[in-house]
Number of protein chains: 2
Amino acid sequence: MISNTIEDIKGFLSDNSIKPSIQRVKIYQFLLNNKIHPTADEIYNRLNAELITLSKTTVYNTLHLFVDKGVVQPIHIEGNEVRYDADFSQHAHFKCNGCGMVYDLHLNLNIQNISELKNFEVKDIQVLMSGLCDRCSNINPIH
Amino acid sequence: MISNTIEDIKGFLSDNSIKPSIQRVKIYQFLLNNKIHPTADEIYNRLNAELITLSKTTVYNTLHLFVDKGVVQPIHIEGNEVRYDADFSQHAHFKCNGCGMVYDLHLNLNIQNISELKNFEVKDIQVLMSGLCDRCSNINPIH
DNA sequence: GTATCTGCAAAACATTTGCAATTCT
DNA sequence: AGAATTGCAAATGTTTTGCAGATAC
């Protein structure tokens, strides 16, 4: 767990063989500070005010680099867009069909009896739940 | 579990308040017979030989209707495309990073101790694993 | 005959690519 | 200067939309 200061992020990126340009540091810092699983477009729009010459190409380049270097995970909740997450702790995502929010849920996952898996090398498990969050199920109870 | 005969599919679609046009029946039958989580494009290309006037718009319209009526699930493995699955039995998907295949894995999933979930209404859980399948991990062992 | 369904063409949207300008050392 | 990075503009690929023609009851 690294802090979100510029200096710490620079060190973290360097440790992962990523040269810490201002764009890269700011994009990584945005992911640390805003755990909302943003799309490339959301990152671009939010950082564009500060980095006024930022281009979407650079956001895409940077996110691809981060994924290649293993410091960010791409997540696929809706089909036509990729979201990004810098949190590698074991957690599931819960998409509320009411308000659209994506929650992080810290869970213990037990996967049992998958005989089919015996010779498979599992590198990553992603769990996506959907339904109604507490707020939306109170507003609009389905009983 | 319905059979993949035209008559059974017609009945099944009607039971779910979907008027069974030839296009809809053939698309649903394709999903039953080809459990490969196809994209709209793959469905279009495979059915176009038989239904020579089929359009991609109709494939999209039909898949959206199927999802709305709850007879087909959209799955999101890669970010730039939606795949479709008519199998509602509890299973996970395993994407092999070697050959690209998506396997169905029939698993028992235990989700424990999610205190954050107490007032959430979970309607759906999707599990996506990735790594190397048995064939690819033998070809290219990482030890 | 009216409502629904289908399908063409164009538009919209996310992402990628080619390449030139910029930056860093 | 040389190598890496950034960013503009155009292209690509998937999905959506508007609307006209076809189909079904």
Side-chain angles (χ1 to χ4, degrees), chain A residues 6 9-10 13-14 16-30 36-69 71-85 100 102, chain B residues 6 9-11 13-14 16-30 37-69 71-84 100:
Chain A
I6 299 292
I9 292 170
K10 276 180 160 178
L13 294 181
S14 297
N16 286 278
S17 58
I18 296 167
K19 288 191 186 168
S21 71
I22 174 75
Q23 291 87 348
R24 290 170 178 178
V25 170
K26 289 290 182 180
I27 290 170
Y28 191 80
Q29 189 182 42
F30 182 83
I36 57 172
H37 326 91
T39 62
D41 195 59
E42 285 166 357
I43 295 169
Y44 170 75
N45 286 315
R46 289 283 299 275
L47 289 182
N48 200 30
E50 192 181 353
L51 299 173
I52 54 172
T53 69
L54 184 65
S55 78
K56 249 184 219 180
T57 305
T58 298
V59 176
Y60 281 109
N61 285 343
T62 301
L63 291 168
H64 291 162
L65 180 67
F66 286 173
V67 171
D68 284 351
K69 298 295 186 184
V71 300
V72 155
Q73 268 190 313
I75 62 180
H76 309 287
I77 291 171
E78 237 74 63
N80 53 339
E81 65 190 15
V82 184
R83 296 183 168 274
Y84 294 91
D85 192 347
V102 176
Chain B
I6 299 291
I9 292 171
K10 276 180 159 178
L13 294 180
S14 297
N16 286 279
S17 57
I18 296 166
K19 287 191 188 169
S21 71
I22 173 77
Q23 291 86 348
R24 291 169 178 178
V25 170
K26 290 288 182 181
I27 290 171
Y28 192 79
Q29 188 183 41
F30 182 82
H37 325 94
T39 62
D41 196 60
E42 285 165 357
I43 295 169
Y44 170 75
N45 286 316
R46 288 284 299 274
L47 289 182
N48 200 29
E50 191 181 353
L51 299 172
I52 54 173
T53 69
L54 184 65
S55 79
K56 251 184 217 179
T57 305
T58 298
V59 176
Y60 280 109
N61 286 343
T62 301
L63 291 168
H64 291 161
L65 180 68
F66 286 174
V67 171
D68 285 350
K69 298 296 186 185
V71 302
V72 154
Q73 268 190 315
I75 62 180
H76 309 287
I77 290 172
E78 238 75 62
N80 54 338
E81 64 189 16
V82 185
R83 297 183 167 275
Y84 294 90

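Keep in mind the model is a prediction, meaning the values are calculated, not measured. Below, read A as the first sequence line, B as the second, and so on, with proteins coming before strands; counting in each chain starts at 1. Just so you know, these numbers use all the heavy atoms, side chains as well, and skip hydrogens, waters and symmetry mates.
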Between [atom2] on [N] and [atom1] on [X], what's the gap in Å once rounded to a whole number?
{"X": "H76(A)", "N": "dT15(D)", "atom1": "NE2", "atom2": "P", "value": "14 Å"}
{"X": "L63(B)", "N": "dT15(D)", "atom1": "CG", "atom2": "P", "value": "9 Å"}
{"X": "I77(A)", "N": "dA14(C)", "atom1": "CD1", "atom2": "P", "value": "16 Å"}
{"X": "K56(B)", "N": "dA11(C)", "atom1": "NZ", "atom2": "P", "value": "18 Å"}
{"X": "L51(A)", "N": "dT22(C)", "atom1": "CG", "atom2": "C1'", "value": "15 Å"}
{"X": "Y44(A)", "N": "dT15(C)", "atom1": "OH", "atom2": "P", "value": "14 Å"}
{"X": "R24(A)", "N": "dA4(D)", "atom1": "CZ", "atom2": "P", "value": "11 Å"}
{"X": "E78(A)", "N": "dT14(D)", "atom1": "CD", "atom2": "P", "value": "18 Å"}

- Message: I want to confirm an ordering. Mapping N80(A) and K19(A) to their closest nucleotides on DNA chain D, which one lands closer to the 5' end?
- Response: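 Counting from the 5' end, the first nearest nucleotide belongs to K19(A).
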- Could you pick out which residue, L65(A) or T39(B), lies toward the 5' side of DNA chain D when each is mapped onto its nearest nucleotide?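 Taking each residue's closest nucleotide, the earlier one in sequence belongs to L65(A).
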- Residue pair R83(A)/T58(B) against DNA chain C: nearer the 5' end by closest nucleotide is T58(B)
Side-chain N or O of [X] less than 4.0 angstrom from OP1 or OP2 on [N]?
{"X": "S21(A)", "N": "dT5(D)", "value": "no"}
{"X": "Y60(A)", "N": "dT16(C)", "value": "no"}
{"X": "Q23(B)", "N": "dG7(C)", "value": "yes"}

- Item | From CD1 (I22(A)) to OG1 (T58(A)), nearest 0.5 Å | 12.5 Å
- Message: Can you tell me how far apart CD (E81(A)) and NE2 (H76(B)) are? Round to the nearest 0.5 Å.
- Response: 9.5 Å
Using modelled atom types and a 3.5 Å cut-off, is there a donor and acceptor pairing between side-chain atoms of [X] and backbone atoms of [Y]?
{"X": "E42(B)", "Y": "T39(B)", "result": "yes"}
{"X": "R24(A)", "Y": "T62(A)", "result": "no"}
{"X": "N48(B)", "Y": "Y44(B)", "result": "no"}

Let's see if you can work this out: which of [options] has an atom nearest to the side-chain heavy atoms of [X]?
{"X": "H64(A)", "options": "dT6(D), dT16(D), dT16(C)", "result": "dT16(C)"}
{"X": "L54(B)", "options": "dG7(D), dG7(C), dT15(D)", "result": "dG7(C)"}
{"X": "T57(A)", "options": "dG18(C), dT15(D), dT6(D)", "result": "dG18(C)"}

